[in-house]
Amino acid sequence: MLSVRGLTKVYSGRTVVDNVSFDLQPGTVTAFLGPNGAGKSTTLRMITGLTPPTRGGSQIAGKAFRDWPNPAHIAGVLLDATAVHPGRTGGSHLRNAALLMGVPTGRVDEVLGQVGLGDAGGKKIGQYSLGMRQRLGLAHALMANPPVLMLDEPINGLDPVGIRAVRELLRGHAARGGTVLLSSHVLSEVDQTADRIVMIGNGRIVADGPIRELLSSHRSLVRGPDMAALAGALQRAGIRIQPSPDGQILADAPSQVVSDIAFKAGVQVHGITDHQQNLEELFFRLSGSNHR
Ligand SMILES: Nc1ncnc2c1ncn2[C@@H]1O[C@H](COP(=O)(O)OP(=O)(O)OP(=O)(O)O)[C@@H](O)[C@H]1O
């Protein structure tokens, strides 16, 4: 549904997005993850035609986004929730958008309700909180009921209730066959919302795959009555090890491999578990980020 091929952006000789490619399928929520300055917004801006790529391109349902006669009907976009006129009410902002998109203005109340702004449509945007502006941006993206949603940090500024509402909304969209791409720093949220991760670090894709697969562990935690003997056996077998904070050994190998090595070396094992890597660890390991 959304196909990105070799997208590259060079600013003043500096490559900030470097040969980025990925494909998004209908029925999925994909999280676009990366530390500050990794190139997420620039990639989204290139997909939506706001920033011309230096090289490469992207297509939504077979056409570049800007080549669709009425692009809001193919993809709803939320890039900067603060880029709205503060003197207008949320309702009038959306009514103007509806007219431009060729959508009946009756849709405005529907999308306001969908994002939990049912009572705030008559209020000036200048009086909206950041979370309310995010909801308004989301309402704008949903207006023409497009199959694709591309959202830059959509839960930025939302309270836990708002986060849950957006999560349900995006999951619902995917369940109805929609395609969602969202960028986020809130890793715990992504964990619960996305099926798949595309991770970017220094402008390059560093991971791309189903979230469960990326998080599945290739490491294990092991303990025994003679930890020194256990450590020695693993090291002799070429397995990298490190102490874990709870006194066990964290071995760079799956539990099956570790237990085979211990058995062959005649070293007793009292416990062995797969180490469940969390999204935070994966993020910092793969993105090369030192921001903690
Ligand atoms: N118009 C521009 N001119 C020059 N450099 C730019 C421009 N826009 C972005 N950059 C640079 O490109 C790099 C990637 O920025 P981008 O905003 O895409 O990152 P990001 O992953 O979205 O970060 P954040 O999470 O902080 O929004 C940054 O180093 C940024 O300074």
Side-chain angles (χ1 to χ4, degrees), residues 1-25 28-68 71-72 74-85 130 133-134 137 140-141 146 148-157 179-187 189-190 194 196-211 214 279-292:
M1 179 48 109
L2 171 65
S3 162
V4 174
R5 285 286 166 275
L7 266 188
T8 300
K9 185 68 191 178
V10 180
Y11 280 120
S12 319
R14 194 170 140 247
T15 304
V16 300
V17 173
D18 192 358
N19 201 20
V20 161
S21 300
F22 55 83
D23 289 291
L24 303 188
Q25 306 305 335
T28 57
V29 178
T30 302
F32 193 33
L33 286 179
N36 289 130
K40 303 179 298 292
S41 301
T42 306
T43 302
L44 293 178
R45 291 177 64 83
M46 286 194 283
I47 296 172
T48 51
L50 291 172
T51 295
T54 307
R55 280 186 297 282
S58 61
Q59 292 195 330
I60 304 180
K63 250 190 226 184
F65 179 69
R66 60 188 313 165
D67 290 343
W68 280 95
I74 191 76
V77 177
L78 168 59
L79 289 185
D80 182 0
T82 60
V84 277
H85 195 296
L130 175 59
R133 287 179 199 217
Q134 288 286 2
H140 186 278
V148 177
L149 292 174
M150 285 189 282
L151 316 166
D152 200 4
E153 305 273 357
I155 56 175
N156 193 14
T179 308
V180 182
L181 177 65
L182 76 145
S183 77
S184 177
H185 286 109
V186 187
L187 303 183
E189 167 54 24
V190 163
R196 176 171 160 217
I197 296 174
V198 173
M199 198 178 284
I200 185 169
N202 292 321
R204 293 193 183 162
I205 301 291
V206 293
D208 178 356
I211 194 161
L214 286 172
L279 196 50
E280 215 92 35
E281 284 173 332
L282 182 77
F283 182 80
F284 288 113
R285 187 162 63 79
L286 295 177
S287 68
S289 167
N290 295 317
H291 303 254
R292 276 184 181 261

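Note that the numbering runs from 1 along the sequence shown for the chain. Every heavy atom of this structure was used, including side-chain atoms; hydrogens, water molecules and symmetry mates were not. Model, not experiment: these values are computed from the prediction.
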If I compare all heavy atoms of Val190 with all of Ala31, which pair ends up nearest, and what's the gap? CG1-CB, 3.2 Å
Partner residues of Asp80 under the salt bridge (charged side-chain N to carboxylate O under 4.0 Å, His left out) criterion, sequence neighbours left out: none
Hey, could you give me the CE/OG1 distance between Met150 and Thr43, rounded to the nearest 0.5 Å? 11.5 Å
Would a 4.5 Å heavy-atom cut-off, applied to side chains only, mark Val10 and Thr15 as touching? yes
Any Asp152 side-chain heavy atom under 4.5 Å of Arg45 side chain: no
In chain order, what residues pass the ring-ring contact (aromatic ring centres under 6.0 Å, His included) check against Phe65, with sequence neighbours excluded? none
If you look at every heavy atom in Ala72 and Pro146, which pair is closest and at what distance? O-CB, 3.4 Å
Starting at OG1 of Thr54, measure out to CE of Met46 and round the result to the nearest 0.5 Å. 7.0 Å
Write down the atom of Ile74, the atom of Ala61, and the distance for their closest heavy-atom approach. CD1-CB, 4.0 Å
Can any side-chain N or O of Trp68 pair as donor or acceptor with the backbone N or O of Ile60 at less than 3.5 Å? yes
Within this structure, what is the CG-CG distance for the pair Leu149 and Leu2, rounded to the nearest 0.5 Å? 11.5 Å
Measure the spacing between OG of Ser183 and CD1 of Ile200 and express it to the nearest 0.5 Å. 10.5 Å
What I'd like to find out is whether the side chain of Leu7 reaches to under 4.5 Å of the side chain of Ile47, using heavy atoms alone. yes
Beyond-backbone contact of Arg196 with Asp208, side-chain heavy atoms, under 4.5 angstrom: yes
Quick check on Arg5: does its CZ atom have over 12 non-hydrogen neighbours (other residues, nucleotides or ligands) under 6.0 Å away? yes
Taking the side chain as every heavy atom from C-beta outward, state whether Leu78 and Gln134 have any pair of such atoms under 4.5 Å apart. yes
Is a side-chain donor-acceptor pair under 3.5 Å present for Ser3 with Asp23? yes
Of the non-hydrogen atoms in Leu33 and Ser184, which two are nearest, and what is the gap between them? CD2-O, 3.0 Å
About how many Å separate CG of Leu50 and CG of Leu79, when rounded to the nearest 0.5 Å? 6.0 Å
Which atoms form the tightest heavy-atom contact between Val4 and Val20, and what is the distance? CG1-O, 3.4 Å
Within the distance-only criterion (no hydrogens, no angle test), does the side chain of Lys40 pair as donor or acceptor with the backbone N or O of Leu182 below 3.5 angstrom? no
Could you walk me through whether Leu24 and Met1 satisfy the side chain to side chain contact (heavy atoms under 4.5 Å, CB included) test, starting with their C-alpha distance in whole Å, then the side-chain angles of each, then the deciding distance to 0.1 Å, before giving a yes or no? CA-CA 6 Å; Leu24 303 188; Met1 179 48 109; 5.6 Å; no
Would a 4.5 Å heavy-atom cut-off, applied to side chains only, mark Leu181 and Leu44 as touching? yes
